[in-house]
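Accompanying notes for the structure given below.
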Amino acid sequence: MDKQYDSKLAEEKWYKFWEDQQLFDADPDSPKPAYSLLMPPPNLTGNLHLGHAMQHVIMDALARFKRMQGFDVLLLPGVDHAGIQFEGTLEKLLAKENLSKGKLGRDKWLERAWKFKDEIYASFHSTWKVMGISADWSREVFTMEPKVQRTVFEEFDRFWKEDLLYKGAYIVQWCPKCGTAIEDVEMEYEERKEKLYYVKYTLVGTAGKEWVTVATARPETIFADVAIAVHPDDPRYKSFVVREARKPLYKRGAPGEDRVVIIQDSRVDREFGTGALKITPGHDPLDYAIGKDHHLPLLHTIDKHGRMTELSGDLEGLKIDQAREQAAEKLEQLGALEKTEDYTHSVPICERCKTTVEPLISEEWFVKMTPLAEKALANMDKINFLPSSYKQILSEWIEHIHDWSISRSLWWGYRIPVWYCDKCNPHHLVGKTRDMIVSLEKPTKTCQTCGEHHWIQDEQVLDTWFSSGMWPLATLGWPGSQSSESLIADSEASLKADNSPEWNKMQKYFPWSFELSSGEIKYLWIARMIMLSLHFADQIPFSNMFFHGQIRDLQGRKFSKSLGNGIDPNQMREEWGTDASRMALYSYTAPGRDGRANKQTMDERAKNFRNFSTKLWNIAKFVLESSVLSHQSSDQARLEPGRIVQGDALHEDDWWIREELDKLITSVTKNIESYQLHLATESIYDFIWHTFADIYLEKSKTRRVEAQPTLEHVLKVSLQLLHPFMPFLTEELWSKLTGEKTESIMLSRWPSRR
RNA sequence: GGAUCCCUAGCUCAGUUGGUUAGAGCGACUCGUUUACACCGAGUAGGUCAGAGGUUCGACUCCUCUGGGAUCCACCA
């Protein structure tokens with residue numbers, strides 16, 4: 001045996017060996033029971049980071065463990081196209097070449113996007129392989145491949161037929177920089193010190209003698225005010241109700257000019273400001289709700305680029321911040337500004353680009369979620385959540401569900417499969433089904449209204465989560481042969497031909513046995529998979545849902561490029577080897593617990609496990625060299641290490657270590673089965689180093705020949721127990737222990753007690 | 001404004017139904033290189049388990065409150 005373990009050599013050699021032997025592939029025809037793990041598809045945005053590495057390494061350990069236990073394991077990998085995030089990444093790249101979406105145009109841009117996708121893909125693959133991930137690469141799925149397209153179309157089409165889809169003008173959270181509506185869950189909040197402006201609205205017919213003062217942080221939106229609301233029980237404003245006031249900023253000739261009506265609404269907070277609230281339905285969610293209930297008109301003073309509209313008079317074209325300043329100045333000049341106060345509040349910003357989010361009115365597609373939510377809530381008990389508290393957290397969110405806005409103004413993603421007759425329905429309104437069709441490809445039929453053929457597809461794409469929410473089903477080929485008629489009727493033959501009954505075969509793996517995620521996307525992704533799977537397949541998507549914590553920096557901040565506090569898993573692996581890096585990660589996998597690390601602390605940990613590799617290597621060296629020494633006397637025992645030499649009573653040390661080993665088998669098995677990988681790895685580590693090596697092996701030196709069968713047995717079982725976590729080293733030593741001709745440790749049977 | 005989680009050795013963290021002297025790794029210190037291993041071995045120091053009450057024969061573990069930190073939710077203009 002070599003003096004030192006060469007981890008790099010072993011990694012290359014064994015990964016290739018496993019792939020060549022097809023040891024990672026699932027077999028739907030196998031009589032073995034299924035155990036399925038669905039890899040959360042990383043976003044197509046660049047390199048895999050430490051968090052991904054942790055996720056994949058957790059899944060891999062479970063997959064390897066279950067294979068050894070005799071399951072037909074499916075560990076299915078994939079990648080998510082990640083609409084907004086991908087576009088953002090590509091945009092930055094293009095900017096360096098002085099290019100942009102606008103300059104390229106849709107077709108050229110898409111061409112470029114697909115190329116970029118391939119580059120990222122290649123980098124993902126190399127990382128996965130060097131991390132030793134034993135996924136079934138033959139079944140890898142990308143969220144924008146034809147298989148998923150079928151699923152997504154089916155999803156949309158069924159929603160449509162079930163009358164759960166609608167399009168309408170709604171107040172959405174709009175990111176002016178990304179140029180698209182985003183979900184509440186895609187926003188963050190940032191504490192900002194701003195000003196609260198106390199603005200006077202004089203009452204009509206009092207010659208400026210009476211007025212209402214309104215406190216607002218957004219004087220620039222006064223142009224779009226349509227009312228002032230007060231609380232019904234507020235005595236201060238009883239006499240004002242139903243009267244009209246003049247807003248101090250308005251555009252001459254604009255609808256309603258300067259008039260706003262004073263209304264009552266119990267949603268107004270009497271304690272805040274003056275207790276009077278200006279109502280701007282076009283630019284504030286609460287105002288929108290109040291405005292809708294009181295049948296107030298909608299005015300727009302800010303457009304989708306974050307600039308003031310024509311309604312804003314002199315301020316037209318200005319950015320919001322500038323407009324605010326100028327509006328304040330104007331109010332001052334007009335004597336309408338009573339006072340200003342410092343005001344700290346949290347402002348919604350876009351999670352991705354950190355731009356201030358603007359509530360705006362936009363035409364968007366929505367899915368009615370109530371029926372899906374009800375079904376999900378009734379089935380939450382069927383899923384085992386780790387930590388268990390997530391069941392309640394998710395249930396509460398689902399209970400308070402609101403309709404899901406699924407359209408995004410992007411190019412990267414699934415174009416909404418709706419076609420409008422450009423002649424009969426030029427504004428692409430919805431509700432007139434005669435001149436619109438849901439179809440994957442351009443309809444061949446004619447418009448029922450005009451009898452002609454002017455079909456134009458909806459410009460927007462579907463929210464990324466509309467497809468990733470179907471991940472558990474899409475990856476297995478749902479709906480297979482059960483797909484709906486419109487797919488077949490309205491689409492090209494290529495899709496029909498590809499419409500294999502894969503789903504029937506792959507249902508063996510559904511629901512998935514195990515899924516994992518960071519808590520961050522519990523609503524965006526996890527809750528939706530639960531709702532969608534139950535809705536479409538009538539089953540929960542997975543029976544075990546594991547939420548891991550996040551690794552943060554030493555101050556507890558998230559890793560981010562801008563902070564430069566990230567840790568590169570590739571670099572770690574380069575320096576300490578894959579197995580050691582994996583072990584370092586397992587120590588952070590207590591369910592739901594965040595961990596803190598920087599480059600240095602991660603290195604310390606990885607180094608420790610690198611040393612552990614060496615330790616184990618040396619243990620094996622000792623055992624195997626001893627076996628050479630004792631070759632003549634106990635040949636039999638060497639060939640079958642577990643076998644106790646007949647007629648010999650075991651030495652008390654042998655009994656002891658075998659007892660300890662049995663206890664280890666029990667605890668490791670139990671800990672992996674309950675997804676406590678940090679405990680499993682710790683106990684194996686402790687046993688091998690501090691029980692087996694430090695105590696037993698030392699003692700055995702005085703009676704080597706007699707101890708040899710036990711030494712070999714304990715080593716062999718230790719390797720098996722460790723294999724899910726340190727696959728390369730254990731395979732390497734396994735081959736040395738059992739002889740090069742024997743089969744992979746992956747095919748060995750998970751140890752059980754004597 | 002609600003909700004959840006966390007505060008254990010200098011640092012990063014374990015501690016699964018409450019039960020004997022509270023653990024690991026790294027770091028520190030003292031010894032030790034006699035062939036498995038210095039990427040090592042033997043050992044030492046270091047914690048009133050955030051604080052205060054309560055339940056209990058017994059609490060790091062359960063309950064209440066206080067302080068500190070994190071996260072999530074919510075229509076605070």
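Lettering follows sequence order; numbering is per chain, from 1. All heavy atoms count here, side chains included; hydrogens, waters and symmetry mates do not. Nothing here was measured: the structure is a model prediction, and the numbers come from that model.
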Scan [X] against the nucleic acid and name what it touches under 4.0 Å (heavy atoms): base, sugar-phosphate only, or nothing.
{"X": "A/Ala693", "value": "base"}
{"X": "A/Leu697", "value": "base"}
{"X": "A/Glu520", "value": "nothing"}
{"X": "A/Tyr685", "value": "sugar-phosphate"}
{"X": "A/Asp269", "value": "base"}
{"X": "A/Gln392", "value": "nothing"}

Below 30° counts as parallel, above 60° as perpendicular, anything between as tilted: where do the rings of A/Tyr237 and A/Phe240 land? perpendicular
Ring-plane angle category for A/Phe547 and A/Tyr390, please: parallel below 30°, perpendicular beyond 60°, tilted otherwise. parallel
Between A/Arg582 (side chain only) and A/Phe725 (backbone N and O only), is there a donor and an acceptor less than 3.5 Å apart? yes
Exercise: do A/Glu575 and A/Gln571 side chains pair donor with acceptor under 3.5 Å: no
With no hydrogens and no angle check, do the side chains of A/Asp403 and A/Tyr170 hold a donor and an acceptor under 3.5 Å apart? no
Quick one: which of B/A36, B/C72, B/G25 gets closest to the side chain of A/Lys522? B/C72
Distance, rounded to the nearest Å, where [X] contributes [atom1] and [N] contributes [atom2]:
{"X": "A/Tyr390", "N": "B/U4", "atom1": "OH", "atom2": "C1'", "answer": "9 Å"}
{"X": "A/Tyr523", "N": "B/C72", "atom1": "OH", "atom2": "P", "answer": "10 Å"}
{"X": "A/Asn611", "N": "B/A38", "atom1": "CG", "atom2": "P", "answer": "11 Å"}
{"X": "A/Leu729", "N": "B/A36", "atom1": "CG", "atom2": "P", "answer": "20 Å"}

Protein and nucleotides 41-43 of chain B: nitrogen or oxygen contacts under 3.5 angstrom:
residue : atom : partner  : partner atom : Å
B/G41   : OP1  : A/Lys615 : NZ           : 3.4
B/G41   : OP1  : A/Trp689 : NE1          : 2.3

Taking ring pair (Phe, Tyr, Trp, His ring centres under 6.0 Å) as the cut-off, I'd like each qualifying pair that reaches into residues 271-299 of chain A, sequence neighbours left out, listed once. A/Phe272-A/Tyr343
Is it true that A/Lys736 and A/Asp2 make a salt bridge, defined as a side-chain N closer than 4.0 Å to a carboxylate O? no
Between A/Arg324 and A/Glu220, is there a side-chain N and carboxylate O pair less than 4.0 Å apart? yes
Contacts of A/Glu374 meeting salt bridge (Lys or Arg N to Asp or Glu O under 4.0 Å) (sequence neighbours excluded), chain-then-number -> none
For RNA chain B, which ranges pair as stems of 3 or more consecutive Watson-Crick or G-U pairs, with both donor-acceptor distances under 3.5 Å? B:1-7 with B:67-73, B:10-13 with B:23-26, B:28-32 with B:40-44, B:50-54 with B:62-66
Most 5' of A/Phe272 and A/Ile619 on RNA chain B, judged by nearest nucleotide: A/Ile619
Note: contacts of residues 285-296 of chain A with RNA chain B (heavy atom, under 4.0 Å) are A/Leu286
Is the distance from OP1 or OP2 of B/A36 to the nearest side-chain N or O of A/Lys701 less than 4.0 Å? yes
Counting distance alone, no hydrogens or angles: does the base of B/C39 have a donor or acceptor under 3.5 Å from a partner atom on the side chain of A/Arg610? yes
Set out, line by line, the N/O atom pairs under 3.5 Å between protein and nucleotides 7-14 of chain B.
residue : atom : partner  : partner atom : Å
B/U12   : O3'  : A/Arg596 : O            : 3.0
B/U12   : O2'  : A/Tyr588 : OH           : 3.2
B/U12   : O2'  : A/Arg596 : O            : 3.4
B/U12   : O2'  : A/Arg605 : NH2          : 2.9
B/U12   : O2   : A/Arg605 : NH2          : 3.4
B/C13   : OP1  : A/Arg596 : N            : 2.1
B/A14   : OP2  : A/Arg593 : NH1          : 3.2

